[in-house]
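Note that ligands are numbered from 1 as they come in the structure, with each ligand's atoms numbered from 1 the same way.
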Amino acid sequence: MPVLLNRPHAARRAARYFVEQFSGRSLYAVKANPSPALLKLLYSEGITHFDVASIEEVRLVRNILPAAVLCFMHPIKSEAVISEAYHEHGVRVFSLDSMDELEKIERATGHAEDLTLCVRLKVASEFSQISLASKFGIDVDESTELLMRTRQTAEIMGICFHVGSQAMTPLAYVHALERVRTAIVEASVTVDIVDVGGGFPSIYPDMSPPSLNHYFSAIHRTFEDLPISYSAELWCEPGRALAAEYNSLIVKVEQRRGNELYINDGAYGTLFDAAHIGWRFPVQLIGSGSDPATTEYSFYGPTCDDMDHMAGPFILPENVKTGDYIEIGMLGAYGSAMRTKFNGYGSIDDYDVSDEPMASVYVGDNLDRTDRENVVSFPRV
Ligand SMILES: *Cc1c(COP(=O)(O)O)cnc(C)c1O
């Protein structure tokens, strides 16, 4: 069976970076990787707030971390779920993007007066690899009435958005914050929290984003310039950036057919994104020493389904053979979390290791790179 490698030191380093460098509060987006061990170590590094999006995530985090602050940032919930979250698990922070949802929250919490409500705005996803633009969020043009009504119910009111996952330039946040500005001005409401969501990038083959400090400084400067009170808080909800470096995966080559490798994990397992959205993860052949990686391969997963195919290309030495092992990197976010039991696969072993992940946005040159495309200078666009 495939083996998942955990790198606690890499997740700790990521958490410390956000806690120390982001001038505001960082919520961990649990869906990226709900592993209890990861949740605990992020918490121990100062990530005390968690972005949860289902009642199962609420129960999970509450169970593991009784003192954590849970923020229910899914804008469409059932009343039963809101009620359980509020009354049984102490959830006070909810997001919404419609009048309907506001009324649900009011009813389900018994018209509570201690709510923090974040109105989710629709923003562009054009700078991100994975769109989160079409499903949730209210258009700025239509947000005035909702903001005014939410202000009446909320003890603390926020505005939130999500620029899409793996945002390749800080400009994504600057543009989104400009929409926040328009919404605030048009509704003339007091806003206590601005939550810039997730989307902070990690490093993958062909995807080398600018350093995170450029994202943070762009966000900080644009935030400071918003028409909000001096005491307003800045929040973010990283998932990928906190989790990506935490896991890699060791798979076995069960068979080689030309440049197609039949491996023991795939589209219904840890490699969902590699199959379904063609994501290219970094790879290395275990024990290949100095053999140069020169050959392009694609992978087939273990299930009987044609769709269980990862096109790559994944670059490995020319002499890969049946029985070899391959490490696939950067699977801590949306990798480990995607595993199913389809066709009898999905079991996995896991081990903690202390070597470095295949790439890190938190070490060496990557900590402050301005030599990459997409870096823009601020404060003005
Ligand atoms: C998925 C999600 C996140 C995390 O996004 P990343 O791109 O992994 O950082 C944060 N907030 C919300 C509301 C989400 O749906």
Side-chain angles (χ1 to χ4, degrees), residues 11 14-15 17-18 21-22 24-35 38-39 42 47 49-58 61 69-77 85 91 93-98 101 116-138 158-170 172-173 176 180 193-204 207 209 212 215-216 219 234-247 272-273 277 279 281 330-338 361-362:
Y17 189 87
F18 270 83
Q21 304 293 323
F22 187 78
R25 193 176 290 294
S26 303
L27 287 58
Y28 173 55
V30 172
K31 77 166 188 282
N33 186 335
S35 147
L38 176 61
L39 297 175
L42 294 177
I47 303 282
H49 288 50
F50 292 80
D51 161 9
V52 286
S54 65
I55 197 65
E56 286 295 335
E57 287 184 356
V58 171
V61 184
V69 178
L70 304 186
C71 306
F72 208 142
M73 305 309 275
H74 192 304
I76 302 183
K77 304 167 283 299
V91 178
V93 186
F94 295 90
S95 79
L96 60 121
D97 64 2
S98 69
E101 185 74 9
T116 296
L117 298 181
C118 295
V119 173
R120 170 104 169 235
L121 284 190
K122 182 171 290 205
V123 299
S125 247
E126 60 193 310
F127 301 109
S128 303
Q129 296 297 308
I130 301 174
S131 170
L132 281 114
S134 54
K135 190 166 177 184
F136 298 131
I138 186 163
I159 296 185
C160 61
F161 57 79
H162 199 300
V163 298
S165 205
Q166 186 77 2
M168 292 301 288
T169 161
Y173 296 90
V180 171
I193 297 167
V194 175
D195 176 354
V196 301
F200 298 95
S202 200
I203 299 175
Y204 303 91
M207 275 191 268
L212 289 177
Y215 291 74
F216 290 0
I219 291 168
L234 176 63
W235 288 13
C236 67
E237 306 167 353
R240 182 183 302 281
L242 287 178
E245 299 177 16
Y246 179 60
N247 290 128
F272 183 97
D273 278 351
I277 55 175
W279 205 271
F281 293 94
M330 315 305 286
L331 281 166
Y334 309 110
S336 173
M338 311 300 270
V361 295
Y362 304 105

*asked:* Under 4.0 Å from a heavy atom of Gly239: which atoms of ligand 1 are those, numbered in the order shown and with their elements?
replied: 4 (C), 6 (P), 8 (O), 9 (O)

*What residue and heavy atom of the protein are closest to atom 6 (P) of ligand 1, and at what distance?*
Gly199 N, 3.4 Å

*Min N/O separation Arg120 to ligand 1 under 3.5 Å*: no

*asked:* With rounding to the nearest 0.5 angstrom, report the CD1 to CZ distance, Ile130 to Arg240.
replied: 5.0 Å

*Does the N or O separation between Gln166 and ligand 1 drop below 3.5 Å for any pair?*
no

_Side chain Ser95, main chain Met73, donor-acceptor under 3.5 Å_ = yes

*asked:* Tell me the protein heavy atom at minimum distance from atom 7 (O) of ligand 1, and give that distance in Å.
replied: Ser165 OG, 2.5 Å

*What part of Ala29 sits under 4.0 Å from ligand 1 if we count only heavy atoms: the side chain, the backbone, both or neither?*
side chain

*asked:* If I apply the N/O under 3.5 Å rule, does Gly197 come out as touching ligand 1?
replied: no

_Within reach of ligand 1, part of Ile130 (heavy-atom separation under 4.0 Å)_ = neither

*Counting N and O atoms only, with roles assigned by atom type, does the side chain of Tyr173 sit under 3.5 Å from a partner on the main chain of Gly197, one being a donor and the other an acceptor?*
no

*Got a second to check how far Leu242's CG is from Ser26's OG, nearest 0.5 Å?*
7.0 Å

_Shortest protein heavy-atom distance from atom 8 (O) of ligand 1, along with the residue and atom involved_ = Tyr334 OH, 2.5 Å

*asked:* In terms of relative ring orientation, are Phe72 and Phe94 parallel, tilted or perpendicular, with 30° and 60° separating the classes?
replied: parallel

*asked:* Within ligand 1, which atoms have a heavy atom of Arg240 less than 4.0 Å away?
replied: 6 (P), 8 (O), 9 (O)

_Suppose we measure from atom 5 (O) of ligand 1 to each protein heavy atom; which comes out shortest, and what is that distance?_
His162 NE2, 2.9 Å

_Pairwise side-chain contact, Glu245 with Val361, heavy-atom cut-off 4.5 Å (strictly under)_ = yes

*Number the atoms of ligand 1 from 1 as they appear, then name those within less than 4.0 Å of a heavy atom of Asp51, with their elements.*
10 (C), 11 (N), 12 (C), 13 (C)

_I'd like to know whether the aromatic ring centres of Phe216 and Phe200 sit less than 6.0 Å apart in this structure._
yes

*Looking at atom 14 (C) of ligand 1, what's its closest protein heavy atom, distance included?*
Lys31 NZ, 2.9 Å

*Between the side chain of Ser125 and the main-chain N/O of Val163, is any donor-acceptor distance below 3.5 Å?*
yes

*For ligand 1, does Glu237 get within less than 4.0 Å through its side chain, its backbone, both, or neither, judged by non-hydrogen atoms?*
both

*asked:* Tell me if a side-chain donor or acceptor on Glu57 pairs with a main-chain N or O of Ala53 at a distance below 3.5 Å.
replied: yes

